[in-house]
Amino acid sequence: MKIEKLHPKNINEERRTKNEERLKRSMDYSIRRNISDHSLWSGGSPILIHLDLELTERCNNDCIHCNINRPEGDEVAKGRELKTEEWEDLLRQAAELGALSVRFTGGEPLLREDFERLYLFARRLGLRVQIFTNGRLITPRLADLFARIPPLEKIEITVYGMRPESYEEVSRRPGSWHEFRRGLELLVESRIPLVVKGALLPPNRDEWTEFESWARTLPGMEGPPGSGLLFDLRGRRDSAARNRRIRELRYPSEMVIRMWKRQGPKYREEMEKFCRRFLEPPGDLLFTCGAGRKGCVDAYGKFQPCLLLRDPALVYDLRAGTLKEALTGVFPRLKEMQARSPEYLRRCARCLLRGLCDQCPAKSWSEYGTLDTPVEYLCEVAHAQARDLGLLPEGRMGWEG
Ligand code: SF4
Ligand code: SF4
């Protein structure tokens with residue numbers, strides 16, 4: 001069946017029935033326990049709602065903007081990755097701490113030879129599984145597995161171009177476009193709920209309107225596809241050359257704003273709602289996000305506050321301890337950490353635009369190797385956006401009150 005032949009209206013009823021059947025099957029599949037037996041009620045236990053698992057940093061693509069990937073055949077990286085039983089142990093720990101969902105990401109998580117086993121293990125624990133993938137390694141067998149035992153979260157596929165030429169100029173892997181399309185079609189044919197998102201890059205820039213229209217025809221898509229625009233540098237800070245290249249791919253702030261505004265009146269409505277809640281100076285506390293209450297495990301068993309923040313001083317080695325120990329003994333101190341950089345204290349700590357701005361310790365770390373250096377590119381975008389929304393007069397800066 002071709003994707004173009006499917007239309008949400010035609011399949012809504014069928015999909016609802018199928019989803020109900022899947023949910024029932026999935027509940028039959030999961031291990032059932034009496035909720036009153038859960039260790040959560042014993043008191044003193046930290047609660048973990050969600051956990052990101054970066055199963056591997058390796059990827060079968062080599063995208064020009066990628067902030068993490070290592071080559072697919074990197075045997076050294078592969079040898080350092082957590083073993084199947086270690087991932088299973090972490091999944092068990094997460095479920096014991098109350099987690100309801102996990103995200104399998106990478107690199108390309110489907111490169112793990114034990115992907116299926118880990119997926120089934122997580123689902124048996126009752127965890128919903130979100131999967132971030134480029135879709136190239138979806139096979140009929142995997143699509144069938146997702147149909148029989150659904151992930152209960154939409155599978156997220158990133159699209160790098162509408163045509164082989166544009167896609168492969170980004171992915172730098174010949175043949176990758178056809179594999180991605182085939183993977184996507186397999187999921188669509190099996191009625192697996194999915195969403196697509198894009199990364200707006202020079203090779204695919206002219207295809208964006210076409211991408212949005214096509215995305216609307218996919219079952220499961222609600223609203224326009226998400227798009228990466230503010231490309232992050234490499235969290236490992238492992239390649240000056242690649243970071244230079246990523247910086248070159250970034251758009252000027254006016255163009256970023258133009259792209260955001262393509263959503264029409266909805267953009268302004270949402271921004272106004274957001275600004276009413278979040279436009280206030282954050283003070284000198286570094287972590288005003290959920291860091292310390294959730295986290296991400298990298299491919300080698302290091303528990304990080306979030307996907308991008310790989311500062312060795314802030315990670316916890318789960319090969320030498322447990323998730324519970326990290327959440328009780330180590331991560332809570334993040335909430336107390338204060339900025340020290342005079343520039344941050346002069347600007348970000350007092351900045352009205354802080355809620356609008358993407359500045360955070362993780363971005364600062366990937367750009368400069370510190371936790372509290374204002375990221376100039378993000379600062380520029382936040383100011384351009386605030387001026388465009390009429391929140392800040394020309395010439396005034398966010399920290400000037
Ligand atoms: S598919 Fe994703 S992880 Fe792989 S190289 Fe591209 S951006 Fe990086
Ligand atoms: S707009 Fe600039 S000063 Fe304000 S929070 Fe962002 S980086 Fe800091």
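Counting starts at 1 for both ligands and their atoms, in listed order.
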Legend entry - Short side-chain donor-acceptor distance under 3.5 Å, Gln359 and Arg354: no
Inset, instruction - Give a yes or no answer on whether the side chain of Trp365 reaches the backbone of Gly235 with a donor-acceptor pair at less than 3.5 Å. - result: yes
Legend entry - Trp399 six-ring centre to Arg347 NZ/CZ under 6.0 Å and within 45° of normal: yes
Legend entry - Lys363 to Tyr377, cation-pi by 6.0 Å centre distance and 45° axis angle: no
Legend entry - Atoms of ligand 1, numbered as shown, that sit under 4.0 Å from any heavy atom of Cys66: 3 (S), 5 (S), 7 (S), 8 (Fe)
Legend entry - Under 3.5 Å side-chain donor-acceptor pair for Arg141 and Thr139: no
Inset, instruction - Give the residue and atom name of whichever protein heavy atom lies nearest to atom 5 (S) of ligand 1, and the separation in Å to one decimal. - result: Cys63 N, 3.3 Å
Inset, instruction - May I ask you to decide if Arg172's main-chain N or O and Asp62's side chain share a donor-acceptor pair within less than 3.5 Å? - result: no
Legend entry - Ligand-side contact atoms (ligand 1) for residue partner Asn134, heavy atom cut-off under 4.0 Å: 1 (S)
Inset, instruction - May I ask you to identify the nearest protein heavy atom to atom 3 (S) of ligand 2, giving residue, atom name and distance to one decimal place in Å? - result: Trp399 CE3, 3.5 Å
Inset, instruction - Verify the distance criterion only: is there a donor paired with an acceptor across the side chains of Asn60 and Asn134 at less than 3.5 Å? - result: yes
Legend entry - Side-chain donor-acceptor pair present, Glu207, Ser166, cut-off under 3.5 Å: yes
Legend entry - Closest approach of any protein heavy atom to atom 7 (S) of ligand 1, naming residue and atom: Tyr160 OH, 3.3 Å
Inset, instruction - Anything protein N, O or S sitting under 2.8 Å from atom 6 (Fe) of ligand 2: count it and give me the total. - result: 1
Inset, instruction - For atom 4 (Fe) of ligand 1, grab the closest protein heavy atom and report residue, atom and distance to one decimal in Å. - result: Cys59 SG, 2.3 Å
Legend entry - Side-chain H-bond candidate by donor/acceptor type, Glu108 with Thr133, under 3.5 Å: yes
